[in-house]
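Okay, so here's the structure we're looking at.
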Number of protein chains: 2
Amino acid sequence: MNTQSEPPTTAHTTIPGCCAPVFDVGLTDGEAAQLAEKLSLLAHPIRLRLLAILARNGGHVCVCDLEAALPVKQPTVSHHLRLLRDGGLIEGERRGQWIYYAVRREELAAVQAALAQFFARI
Amino acid sequence: MNTQSEPPTTAHTTIPGCCAPVFDVGLTDGEAAQLAEKLSLLAHPIRLRLLAILARNGGHVCVCDLEAALPVKQPTVSHHLRLLRDGGLIEGERRGQWIYYAVRREELAAVQAALAQFFARI
DNA sequence: TCAATATATTGACAATCTTCGATATATCGC
DNA sequence: GCGATATATCGAAGATTGTCAATATATTGA
């Protein structure tokens, strides 16, 4: 907080000598938290690659395939799959011994839309 | 890896009894890492709000204003500003006692483009 | 039922991230 | 130079995340 003279160039509309910013904040606390959560889910190379693989081969990829395609061990693949599933971005269906995962297009589109809105608003 | 019979429905083109997936991986290791890094930078509510504020009031917001607008202390604001600056998304200019930050539009656009490409390719 | 296989979960550990008090540095007005 | 203010950096503490070995659970085929 500046308590001296007015800063040289500023958007402030202040009581002289006090920094009381009245600018457009643009994003509420809650909106920022929600978007950050969605972004956090995407912000990992393994999860991005899982999504990419599943998006292109949805419903036909079992965990063993994913494990074979990625540089991490099976429990780690399961861990990331669970995060994506808990986040609503993918779903799994057991077919016999295997569980086949696929992306949930609507949810992915929702994330994309939220991001687009953010970039549109800034 | 399944070493039994063929999974019921699959994109595999396998040696029977062995899981040798030949599906489109869609995203290289490096691409995923790069995108994840960009997303990690965005994936924090304070940083999203910093970007939003700066985007709408660029060049006219000093750190004291940001501190006043956000629920964290000054060293924390400085910390996130540094991450954003190191990531190329914002830049700061000292004017007298104050340092005014603004978003770097080209870099923001690049992130947006990388994201768009990701969503387009999956 | 049993052995084999696929996937999930648990628990531990390391690494990274977040926050903030304390302090350093820079700038201003006097 | 000095006191006041703005911002950055340091260092510590706690929280979160990522990874994996070990183990549990579920399914299959025999």
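Chain letters run A, B, ... following the sequence lines, proteins first, then strands; residues in each count from 1.
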Test of understanding: with salt bridge (charged side-chain N to carboxylate O under 4.0 Å, His left out), list the residues that count as partners of [X], not counting sequence neighbours.
| X | answer |
| --- | --- |
| A:Arg94 | none |
| B:Arg85 | none |
| A:Glu93 | A:Arg95 |

- Query: Under a 4.0 Å heavy-atom cut-off, which of residues 32-39 of chain A touch DNA chain C?
  - Reply: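 Contacts with DNA chain C under 4.0 Å: none.
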- Message: Counting only side-chain nitrogens and oxygens, does A:Arg82 get under 4.0 Å of the OP1 or OP2 atom of C:dT9?
- Response: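 Answer is yes, contact under 4.0 Å.
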- Message: Please tell me if B:Arg47 has a side-chain N or O lying less than 4.0 Å from either OP1 or OP2 of C:dT18.
- Response: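 Yes, because at least one side-chain N or O of B:Arg47 sits under 4.0 Å from OP1 or OP2 of C:dT18.
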- Output all residues satisfying side-chain hydrogen bond (donor to acceptor under 3.5 Å, both in side chains) with B:Arg105, sequence neighbours left out; order by chain, then residue number.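 In terms of side-chain hydrogen bond (donor to acceptor under 3.5 Å, both in side chains), with neighbours along the sequence ignored, B:Arg105 is linked to no residue.
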- Residues forming a side-chain hydrogen bond (donor to acceptor under 3.5 Å, both in side chains) with A:His44, sequence neighbours excluded: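 None.
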Taking [atom1] from [X] and [atom2] from [N], how many angstroms apart are they, rounded to a whole number?
| X | N | atom1 | atom2 | result |
| --- | --- | --- | --- | --- |
| A:Leu41 | D:dT17 | CG | P | 11 Å |
| A:Arg95 | C:dT7 | CZ | C1' | 15 Å |
| B:Tyr100 | C:dT27 | OH | P | 15 Å |
| B:Trp98 | D:dA4 | CH2 | P | 17 Å |
| A:Asp65 | C:dT7 | CG | P | 8 Å |

Identify each atom pair where a protein N or O and an N or O of nucleotides 19-26 of chain C are less than 3.5 Å apart, giving names and distance.
{"unit_1": "C:dT19", "atom_1": "OP2", "unit_2": "B:His80", "atom_2": "NE2", "d": "2.6"}
{"unit_1": "C:dC20", "atom_1": "OP2", "unit_2": "B:Lys73", "atom_2": "N", "d": "3.1"}
{"unit_1": "C:dC20", "atom_1": "OP2", "unit_2": "B:Thr76", "atom_2": "OG1", "d": "3.1"}

List the atom pairs, with distances to 0.1 Å, where a side-chain N or O of residues 112-122 of chain A and a protein N or O form a donor-acceptor pair under 3.5 Å, not counting sequence neighbours.
{"unit_1": "A:Arg121", "atom_1": "NH2", "unit_2": "A:Gly26", "atom_2": "O", "d": "2.9"}

- Are side-chain heavy atoms of B:Leu89 and B:Val103 found at a separation under 4.5 Å?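 A side-chain contact is absent here, since even the closest heavy-atom pair is not under 4.5 Å.
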- Task: Enumerate the residue pairs fulfilling salt bridge (charged side-chain N to carboxylate O under 4.0 Å, His left out) with a member in residues 111-120 of chain B, sequence neighbours excluded, ordered by first and then second residue.
- Result: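 Matches after skipping sequence neighbours: none remain.
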